[in-house]
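Heads up, the thing below is written out as structure tokens.
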Amino acid sequence: MGEFLGDWKRTALCAEFTKEDIGREVTLMGWADTRRDLGGLVFVDLRDRSGIMQVVFNESDFKGDFDQVGSIRSEYVLAVKGKIVERSEDTINPKLPTGLIEVKVTDLKILSKAETPPFEIEDCSKVREELRLKYRYLDLRRPDMQKNLILRNKIANSARTYLSENGFLDIETPMLQKSTPEGARDYLVPSRIHPGCFYALPQSPQLFKQILMISGYDRYFQITKCFRDEDLRADRQPEFTQIDTEMSFVDADDVMTMHEGLIQKVFKDVMNIDIQLPLRRLPYQEAMDRFGSDKPDTRFGLELKNVSDIVAGSEFKVFSSVVKNGGSVRAINAKGCANILARREIDALVDFVKIYGAKGMAWISIREDGLNSPITKFMTQEEIDAIMQRLDGQVGDILFFVGDKNSVVYDSLGALRLKLAEKLELIQENTWDLLWVTEFPLFEYSEEEKRFMAKHHPFTSPMDEDVDKVLTDKEHARAKAYDIVLNGNEIGGGSIRIHSTELQEKMLEALGFSKEEAWNRFGFLLEALKYGTPPHGGLAYGLDRLAMLLAGVDSIRDVIAFPKVQNASCLMSKAPDVVDNKQLRELHIKVDED
RNA sequence: GGCCUGGUAGUUCAGUUGGUUAGAACGCUAGCCUGUCACGCUAGAGGUCGAGAGUUCGAGUCUCUUCCAGGUCGCCA
């Protein structure tokens, strides 16, 4: 059993001491990191979240039983009393911020012993994630994880300060909500009191924050958990945190301007980086046409070019037929790649775009001795010349073409563009490419549902000039929706909301809800809208993604203390798990064993 | 649900064409060591090769099934 603290009080965190403290009698507490046992002289690196302090046990100075010092092992929790001393010149450790000093220990308490940990507690661990997550409490002791969570806290604090200073009120909204049919799958919570009824955990505080606007709270924010029961990714967890905001009496520009200030402050506070404002604004259609993505990484070129008009009448039927059927043929010029990419690698890229639904990918390699291509034999010289001109084809380039319906062309070439940039190392590290993507489509056609769905959500306002298209021209109706993009990642998104019952009803009608269904599902909002609703809109950031990017890590799991693994379970606590039959009976639930 | 990658000592990995007793580094244990900081030296322990089945005289290695983890497509208003 470990010793008790008694009247010992910690003076400060391990790495908070400096040369100024030389000569002070101090008490330190922390975990035994590495120890170097020279017999009558034992060095221990004492670690806590501030860093490391070397403490020295010298048999001649130590007051207690020196065998106790010899028994110290990794991750024992120690309390030491001693004096801060200056290290002699030849024993300074330049690698440690505290390397100029050390603690000459006179008294020791072993507050807690520890099993040998299943992996070493060290920076830049290469231990497989499965094990790290099972022993998350040990993984979280590692300096890089502590750094990540501290950085995350800084972001949240910075945002909270900014929003408070700008008059936003932090107001909580319910975790137990009504399930909504649109959007992601809900996590459901059974009601004990209402047999057969379920709450849903919020996918976002959307409706409640809109109602707060109706109630006159004008500016609202909340840093809160949201839940979506969908498959996981490196940047997607079933529960994640949003910095959620909403403002009244604003249009899209006002919201974006407010948030440019926020993002500028966060970058300054957290990274000490100055962001130049205003940020670029790229209409959705332009983003898709140039980059094949609604979250473009614009740190490099490789832009898409539309060659549909050139190949519309081509003998190459693959191309001419997609154009005839309303699709397009677009291309990327991989500058200077003719000699870099072997045929085998080109074939691999052709396979790569098939992941995104492309049935194939044509290419033209421009060499000194002419064109090498599987398709030029089907094309006229005029067509080839026009393509060369459109794509600025020079000797040494390879042109990649995808012809299909637009969504496939954008997805596959957008992905190819990123793949090429990675392969060619075109992306400069430590650059921060921030921009807005605006004028999103209001609707998106769902092949699965055979109907138009809301691209953002059903409460998003159409652009003023597109209000008439809500029922008549869904494909071309644009929304007052905007995403903020950082280095090719969507870090936030928002919109101006519909603030009239009539337009909201029209919108729900456009989405295929009967009036009855609409009122059944969203009646409380439709009703509330009638009682004096200010124009309002907002934006929500994905705090996890933002933290991931600023921390420079590849997965949001590295900025979340207790994340879930790919099958949505927690390896440490073993959630989810079966429950007692008694609990199920109380909830009126029978489990189908199949 | 589909595709791809991985699973060998506590950890990270190597393991050739299927062939003797499955190796290394770090960690761990014991001993020695008063200026280490990747301490050093000496000795030692430690393996259901993810699991199951199959092929074979013989399987870590080949085949099938399955479990786990990761990436990704679908999905994620």
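Here is the naming used below: chain letters follow the sequence lines, and residue numbers restart at 1 for every chain. Because the structure is a prediction, the values reported are computed rather than measured.
- Atom CG of D123(A) has more than 12 heavy atoms from other residues, nucleotides or ligands within 6.0 Å.
- In this model, the phosphate group of rG71(B) is approached by a side-chain N or O of R557(A) to a distance below 4.0 Å at OP1 or OP2.
- Between the CZ atom of F352(A) and the P atom of rG71(B) there is a distance of 16 Å, rounded to whole Å.
- Remark: the R87(A) side chain and the rU36(B) base include a donor-acceptor N/O pair separated by less than 3.5 Å.
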Subject >> Test side-chain hydrogen bond (donor to acceptor under 3.5 Å, both in side chains) applied to R87(A) and N93(A), step by step >> reply: CA-CA 9 Å; R87(A) 296 208 204 180; N93(A) 184 349; 5.9 Å; no
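- Base pairing of rA14(B) is not made with any nucleotide, judged by Watson-Crick or G-U wobble geometry with both donor-acceptor distances under 3.5 Å.
- In this structure, of rC76(B), rU34(B), rG35(B), it is rG35(B) that holds the atom nearest to the side chain of E102(A).
- One cannot find a donor-acceptor pair under 3.5 Å joining the base of rC76(B) and the side-chain atoms of R228(A).
- Proximity of S74(A) to the phosphate of rC28(B): a side-chain N or O atom is located under 4.0 Å from OP1 or OP2.
- Along RNA chain B, the nucleotide nearest to F459(A) and the one nearest to K564(A) differ in position, and the one closer to the 5' end is contacted by K564(A).
- Close to rA69(B), at under 4.0 Å from its OP1 or OP2, lies a side-chain N or O of N567(A).
- Using a 4.0 Å heavy-atom cutoff across all strands shown, L38(A) reaches at least one base atom of the nucleic acid.
- Computed from coordinates, the E230(A) CD to rG1(B) P distance equals 14 Å when rounded to whole Å.
- Nucleotides rG60(B) and rC49(B) place their P atoms 7 Å apart, quoted to the nearest Å.
- The nucleotide rU61(B) finds no pairing partner, because no Watson-Crick or G-U wobble arrangement with both distances shorter than 3.5 Å includes it.
- Within 4.0 Å (heavy atoms only), Y356(A) reaches sugar-phosphate atoms of the nucleic acid but no base atom.
- Of the side-chain N and O atoms in R233(A), one or more sit less than 4.0 angstrom from OP1 or OP2 of rC73(B).
- When both distances must be under 3.5 Å, the Watson-Crick or G-U wobble mate of rG70(B) is rC4(B).
- Ranking rU12(B), rU11(B), rG74(B) by closeness to the D231(A) side chain, first place goes to rG74(B).
- Sparse packing is recorded around OH of Y199(A), with 12 or fewer heavy atoms of other residues, nucleotides or ligands lying under 6.0 Å away.
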Subject >> Stepwise salt bridge (Lys or Arg N to Asp or Glu O under 4.0 Å) check, E422(A) with R417(A) >> reply: CA-CA 9 Å; E422(A) 185 194 342; R417(A) 186 175 167 267; over 6 Å; no
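- Rounded to an integer number of Å, the gap from CZ of F119(A) to C1' of rC28(B) is 16 Å.
- Other residues, nucleotides and ligands contribute more than 12 heavy atoms inside 6.0 Å of the NZ atom of K474(A).
- The side chain of R73(A) contributes an N or O atom lying less than 4.0 Å from OP1 or OP2 of rA30(B).
- Of the options L100(A), I101(A), T98(A), I22(A), a side-chain contact (heavy atoms from CB on, under 4.5 Å) to F17(A) is made by I101(A) and by none of the others.
- If you measure from atom CD of Q54(A) to atom C1' of rU34(B), you get 13 Å, rounded to the nearest angstrom.
- Residue-level contact check: P118(A) touches the backbone only, with heavy atoms under 4.0 Å from sugar-phosphate atoms and none from bases.
- Distances from the side chain of A234(A) to the nucleotides rC76(B), rU34(B), rG71(B) place rG71(B) closest.
- Looking at R35(A), its side chain has no donor and acceptor atom pair within 3.5 Å of the base of rC39(B).
- rU56(B) is unpaired under the Watson-Crick or G-U wobble criterion, no partner having all donor-acceptor distances under 3.5 Å.
- Not one side-chain nitrogen or oxygen of R36(A) sits closer than 4.0 Å to the OP1 or OP2 atom of rU36(B).
- Regarding E120(A), its CD atom lies at a distance of 11 Å from the C1' atom of rA25(B), rounded to whole Å.
- The aromatic rings of F62(A) and F66(A) sit perpendicular, their planes meeting at an angle over 60°, well past the 30° parallel limit.
- Atoms CZ (F227(A)) and C1' (rC75(B)) sit 20 Å apart, rounded to a whole Å.
- If you check every strand for non-hydrogen atoms under 4.0 Å, L511(A) touches nothing.
- K95(A) has its NZ atom 7 Å from the C1' atom of rC37(B), to the nearest Å.
- T91(A) comes within 4.0 angstrom of a nucleotide base, judged by non-hydrogen atoms across all strands.
- No donor-acceptor contact under 3.5 Å links the side chain of E122(A) to the base of rG27(B).
- In this structure, Q566(A) places its CD atom 13 Å from P of rG2(B), rounding to the nearest Å.
- The partner of rA38(B), taking Watson-Crick or G-U wobble pairs whose two distances both stay under 3.5 Å, does not exist in any strand shown.
- A donor-acceptor contact under 3.5 Å is not formed by the side chain of D90(A) with the base of rG35(B).
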